[in-house]
Amino acid sequence: MMAFLSRRMAWAVVTLWLVVSGSFVLAYVMPASDPARMMAGPHASAEVVQRIRTELYLDRPLPEQYVRYVGRVAHGDLGQSYRNKEPVTAALARSLPWTALIAVGASLVQLLIGVPIGLFAALRRRSLADAAAMAVALVGISAPTFLTGLGIMYVFGFQLGWFPLGGLGDGFFGALRSAVLPSLTLGIAGAAYYSRLTRGEYLDVASRDFMRTARAKGLSERLVVLKHGMRNALIPVVTFFGIDLGVLLGGAVVTETIFAWPGMGKLAIDSVLQQDFPVMLGCVVVASAAIVTANLVVDLVYAWLDPRIRLG
Amino acid sequence: MASVALVALLGPFLAPWDPAVQDIATGLDASGAPVGPGAAHLLGTDALGRDVLSRLLVGARISLLVGFAATGISMGIGLVIGLVSGYFRGIIDTVAMRSVDVLMSFPFLLLCIALVAVREPGLDNVLLVLGLLGWTTMARVVRGKVLAEREQEYVQAARALGLGHGRILFRHILPNVVGPVMVLSTLGVASTILAESVLSYLGLGVPPPTPSWGAMISEGQAWYRLAPGLVAAPGLCILVTVLGFNLLGEGLRDVLDPRDAG
């Protein structure tokens with residue numbers, strides 16, 4: 001187990017280094033416009049632009065810039081905003097908790113709506129209810145997040161007036177209330193996907209010998225389904241739940257834009273529209289680090305559950 | 001799907017109005033708000049007095065163009081990497097699969113947004129970014145299939161006959177992995193159309209006044225309380241198109257691999 005653990009953690013570190021290197025290319029090699037000019041503003045003199053270029057080491061050779069960049073990121077310094085000179089880490093620290101809040105909400109939506117619908121469909125395989133549930137799920141997967149979000153906002157925010165149309169509410173309960181619609185929007189496509197995944201996994205498990213044995217032992221159908229069937233069917237679902245973080249963070253960009261939610265997704269898209277590359281890259285690096293960590297945790301949990309992986 | 005493709009092909013000829021023309025005379029009401037469906041504008045107008053139906057018809061071309069072209073690029077890259085990686089294994093396989101791991105460690109949509117933003121928004125950049133980033137799943141799936149195929153007797157027989165690697169890969173192994181490639185490509189068109197609509201919605205797709213469904217939703221969002229059709233019409237177009245490709249992909253999967261039919 002220790003060898004597997006070290007191997008897997010070493011690969012996570014290498015992946016993070018490659019992610020940071022990729023983000024360096026994105027920030028310093030690819031941009032069509034001059035970062036010093038963007039930071040100085042369109043009316044700044046050539047001297048000011050040159051001074052900023054020197055301050056940011058943009059006049060140094062690329063390999064030197066790369067070493068400085070990786071060194072800074074390794075020390076937790078993601079640079080400062082071109083727009084307001086605020087450290088990127090401060091902007092991320094302010095916005096991350098709000099993204100985490102709706103990500104948790106979305107995960108609850110995915111698991112509490114998606115999994116039961118999947119089980120319901122699997123237990124009524126090839127019935128009208130199964131077909132209807134899977135058809136609705138396919139529509140949920142095919143709908144763009146912004147359409148789902150605007151639809152939810154129109155019905156629950158505008159027509160029924162149950163929740164605020166956007167922004168962050170005051171106080172703890174105000175914030176929770178305003179997080180409901182963004183969470184629902186972010187989680188609904190995932191819920192559709194999980195319902196299909198759960199149905200497939202349960203149908204696979206349902207035909208296994210241990211299910212027949214459980215029934216032959218005289219266990220109640222409820223116990224067979226929940227304790228033996230779902231417990232096994234949920235393993236791949238939970239695994240995917242960890243891997244799915246990237247999709248969730250991508251969806252957060254759109255959801256937070258629709259609901260003017262002050263999270264990392266909104267920060268990312270605002271920085272893109274303002275050409276504030278350090279902030280944008282900070283979002284990419286932090287999101288990637290979260291994905292690498294989630295994948296590592298999933299692999300370790302899987303290895304702990306299944307000896308064939310850690311010994312293989 | 002055929003009707004959507006037909007609309008994409010013939011959209012500019014079917015459109016009753018020029019999609020960029022602002023109809024100041026009848027396209028806006030007295031208060032300057034968009035008009036609803038009527039004889040002059042069958043689906044009404046947008047906030048600038050442009051004909052919604054015409055913009056939808058012409059916008060179909062952008063969605064399908066990006067969907068097919070970007071998926072073609074990404075599936076081509078994924079197919080070649082998957083074939084070579086699974087067939088030769090060793091260092092090529094390790095490098096290819098670790099590259100897939102690294103690319104999958106980036107949040108796909110956020111990376112697309114960042115790349116399009118640093119290279120200037122526009123149709124060609126959207127197409128390239130979606131094409132160059134979307135190959136990972138295809139590479140993984142094809143590699144898995146090739147790993148199984150390369151141990152089959154027909155491959156060993158081809159090797160024994162002295163056939164070259166290229167011929168074995170492309171003439172003998174490729175036809176046996178074409179099933180999942182077709183399924184993934186069809187589903188890939190659906191997800192690429194979705195990604196393009198998101199980029200357009202965020203203002204990073206084709207520049208105005210060229211119509212695209214995602215941008216139409218973004219423009220209509222400010223009017224969604226008074227004129228929900230401005231959001232609903234392009235939204236339904238995206239939904240129906242993506243749903244169609246997803247259904248086609250699933251149908252293909254059921255036909256090509258009945259074990260997955262469920």
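First the proteins, then the strands, lettered A, B, ... as listed; each starts at 1. The model shown is predicted, which means the values in this text are computed figures rather than measured ones.
A/S142 and B/L194 make their closest contact through O-CD2, 3.7 Å (heavy atoms, listed as atom of the first residue, atom of the second, distance). Looking at every heavy atom in both residues, A/Y154 comes nearest to B/P228 through OH-CG, 3.9 Å. Counting all heavy atoms, side chain and backbone alike, B/S105 lies closest to A/I291 at O-CD1, 3.5 Å. Summarising the geometry of B/F106 relative to A/G22, their closest heavy-atom pair is CZ-CA, 4.5 Å, with the distance given to 0.1 Å. Minimum interatomic distance between B/Y224 and A/L150 (heavy atoms only, all atoms of both residues): CE1-O, 4.5 Å.
Residues A/L165 and B/R225 are in side-chain contact: their nearest non-hydrogen atoms beyond the backbone lie under 4.5 Å apart.
Residue B/L103 does not touch chain A at all, counting heavy-atom pairs closer than 4.5 Å. Using a 4.5 Å cut-off between heavy atoms, B/L111 contacts chain A through its side chain alone, with no backbone atom that close. In this structure, chain B has heavy atoms under 4.5 Å from both the backbone and the side chain of A/A143. For B/P234, no part lies under 4.5 angstrom from a heavy atom of chain A. Neither the backbone nor the side chain of B/A190 has a heavy atom closer than 4.5 Å to any heavy atom of chain A.
Interface remark: of the candidates A/V19, A/L16, A/V284, A/V19 forms the most heavy-atom pairs closer than 4.5 Å to chain B. Here A/I258 is the residue among A/T145, A/L273, A/I258 with the most heavy-atom pairs under 4.5 Å with chain B. In terms of heavy-atom pairs under 4.5 angstrom with chain B, the leader among A/I269, A/V253, A/L18 is A/I269. With respect to chain B, the highest number of heavy-atom pairs below 4.5 Å among A/L147, A/T15, A/D204 belongs to A/L147.
In this pair, A/F146 and B/Y201 present their aromatic rings parallel. The plane angle is below 30°, not in the 30 to 60° band.
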